[in-house]
Amino acid sequence: MKKLLTLTIVLGVIATGCKKETIDPTPDPTPVSGNSNGALAAFFTQNAPAVQTFTVNTAAPQLITGLQGTRVLFNANSFVDQNNQPVSGNVTIQLREVFNKKDIILSGASTVSYGKPLISGGEIFLMATQNNYELRLASNNSVTVGIPTTMTSPMSNMNEFYAREINDTADFTPVDTTQFIPIINYNQAYYYSFPISQLNWINCDYFYALGGQQ
């Protein structure tokens, strides 16, 4: 796999009222399959990049910023519960940033889709909970993710990929290989910025062998 991009975004939106709570290096919020090797899952839990925890309020737009520069903008009323009922009040956000080959290996989050290798612009894990219950997005435009890059000429064929589970490997599914992620130049820095359609593992990639096409 080619060397990953080193990443760092600023969305051109100012959000209010966001509080960062803690960084927890121990828990792994990723669902673990019953078929996963227990020792391997424990290794990923112990060695993956730290989970960063934030609190946002659903009443207004909120912006969180990860330690490696990921910025996530939540619109007001971004979440629903498992019964698709609107959620109000404070919501806990968990963020994990995976931006280099070492962290990919230690997370078990290999960049593969349909068995084909991907060139990654960065991947994150994102989860929202309230009272320990996992939440969903209210719509496909509820949340916008910004993946930072230091490249002076960012790749123009990046796409969105998602994975629900990470065990000893991952298989990311592309959203739409005909629609590429916009590149934003903000304050002389480049970012891959895109609305997300779901939470969990989110990957900014393109197909290696076919130049970004499936």
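Because only heavy atoms are used, hydrogens play no part in the values below, and waters and symmetry mates are left out as well, while side chains stay in.
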Side chain to side chain contact (heavy atoms under 4.5 Å, CB included) between Ile124 and Val145: does it pass, once the steps are laid out? CA-CA 10 Å; Ile124 63 172; Val145 167; 4.0 Å; yes

Do [X] and [Y] make a side-chain contact, defined as non-hydrogen atoms from C-beta onward lying under 4.5 Å apart?
{"X": "Gln62", "Y": "Leu73", "answer": "no"}
{"X": "Leu63", "Y": "Arg71", "answer": "yes"}
{"X": "Tyr114", "Y": "Pro174", "answer": "yes"}
{"X": "Pro86", "Y": "Asn77", "answer": "no"}
{"X": "Ser197", "Y": "Leu137", "answer": "no"}

Show your reasoning for whether side chain to side chain contact (heavy atoms under 4.5 Å, CB included) applies to Ile104 and Glu123. CA-CA 9 Å; Ile104 286 177; Glu123 54 187 304; 3.4 Å; yes

Could you pull out all residues at least two apart from [X] that satisfy side-chain contact (heavy atoms from CB on, under 4.5 Å)?
{"X": "Asn131", "result": "Tyr133"}
{"X": "Gln130", "result": "Val87, Val91, Leu135"}
{"X": "Ser139", "result": "Asn141, Ser142"}

If hydrophobic clusters are built by linking Ile, Leu, Val, Met, Phe, Trp and Tyr wherever their side-chain heavy atoms come under 4.5 Å apart, do Val72 and Val80 end up in the same one?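 Hydrophobic grouping puts Val72 apart from Val80.
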
If hydrophobic clusters are built from ILVMFWY residues whose side chains come within less than 4.5 Å, do Ile119 and Met155 share one? yes

Under a 3.5 Å cutoff, is there a donor and acceptor pairing between the side chains of Asn203 and Thr111? no

Would you tell me whether Thr53 and Gln94 have side-chain atoms, one donor and one acceptor, within less than 3.5 Å of each other? no

At what distance, to the nearest 0.5 angstrom, does [atom1] of [X] lie from [atom2] of [Y]?
{"X": "Ile181", "Y": "Cys204", "atom1": "CD1", "atom2": "SG", "value": "4.0 Å"}
{"X": "Ile183", "Y": "Tyr192", "atom1": "CD1", "atom2": "OH", "value": "5.5 Å"}
{"X": "Ile202", "Y": "Ile196", "atom1": "CD1", "atom2": "CD1", "value": "3.5 Å"}
{"X": "Glu134", "Y": "Thr92", "atom1": "CD", "atom2": "OG1", "value": "12.5 Å"}
{"X": "Ser120", "Y": "Asp205", "atom1": "OG", "atom2": "CG", "value": "4.0 Å"}
{"X": "Arg96", "Y": "Leu126", "atom1": "CZ", "atom2": "CG", "value": "12.0 Å"}

Partners passing side chain to side chain donor-acceptor pair (under 3.5 Å) against Glu160 (at least two apart in sequence or in another chain):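 Partners of Glu160 by the side chain to side chain donor-acceptor pair (under 3.5 Å) criterion, ordered by chain and then number, come out as Tyr162.
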
What residues, two or more places apart in sequence or in another chain, satisfy side chain to side chain donor-acceptor pair (under 3.5 Å) together with Asn185?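 Here no residue qualifies.
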
For [Y], does its backbone N or O pair with a side-chain atom of [X] as donor and acceptor, under 3.5 Å?
{"X": "Thr58", "Y": "Gly89", "result": "yes"}
{"X": "Thr70", "Y": "Ile147", "result": "no"}
{"X": "Asn159", "Y": "Gln179", "result": "yes"}
{"X": "Asn100", "Y": "Asp103", "result": "yes"}

Please find the pair of heavy atoms, one from [X] and one from [Y], that lie closest to each other, and give the distance.
{"X": "Leu95", "Y": "Gly66", "answer": "CD2-CA, 3.7 Å"}
{"X": "Trp201", "Y": "Ser107", "answer": "CH2-CB, 4.3 Å"}
{"X": "Asn200", "Y": "Ala163", "answer": "OD1-O, 3.3 Å"}

What do you reckon, are the aromatic ring centroids of Tyr206 and Phe180 less than 6.0 Å apart? no

Does Phe207 have its ring centroid less than 6.0 Å away from the ring centroid of Phe161?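 Centroid separation for Phe207 and Phe161: below 6.0 Å.
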
In short, side chain to side chain donor-acceptor pair (under 3.5 Å) pairs touching residues 82-91 with sequence neighbours left out are Asn57-Asn90, Gln82-Arg136

Aromatic ring pairing Phe79/Phe74, orientation class (parallel under 30°, perpendicular over 60°, tilted between):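 The rings of Phe79 and Phe74 sit tilted, inter-plane angle from 30° to 60°.
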
Show your reasoning for whether side chain to side chain contact (heavy atoms under 4.5 Å, CB included) applies to Asn75 and Val143. CA-CA 6 Å; Asn75 292 338; Val143 178; over 6 Å; no

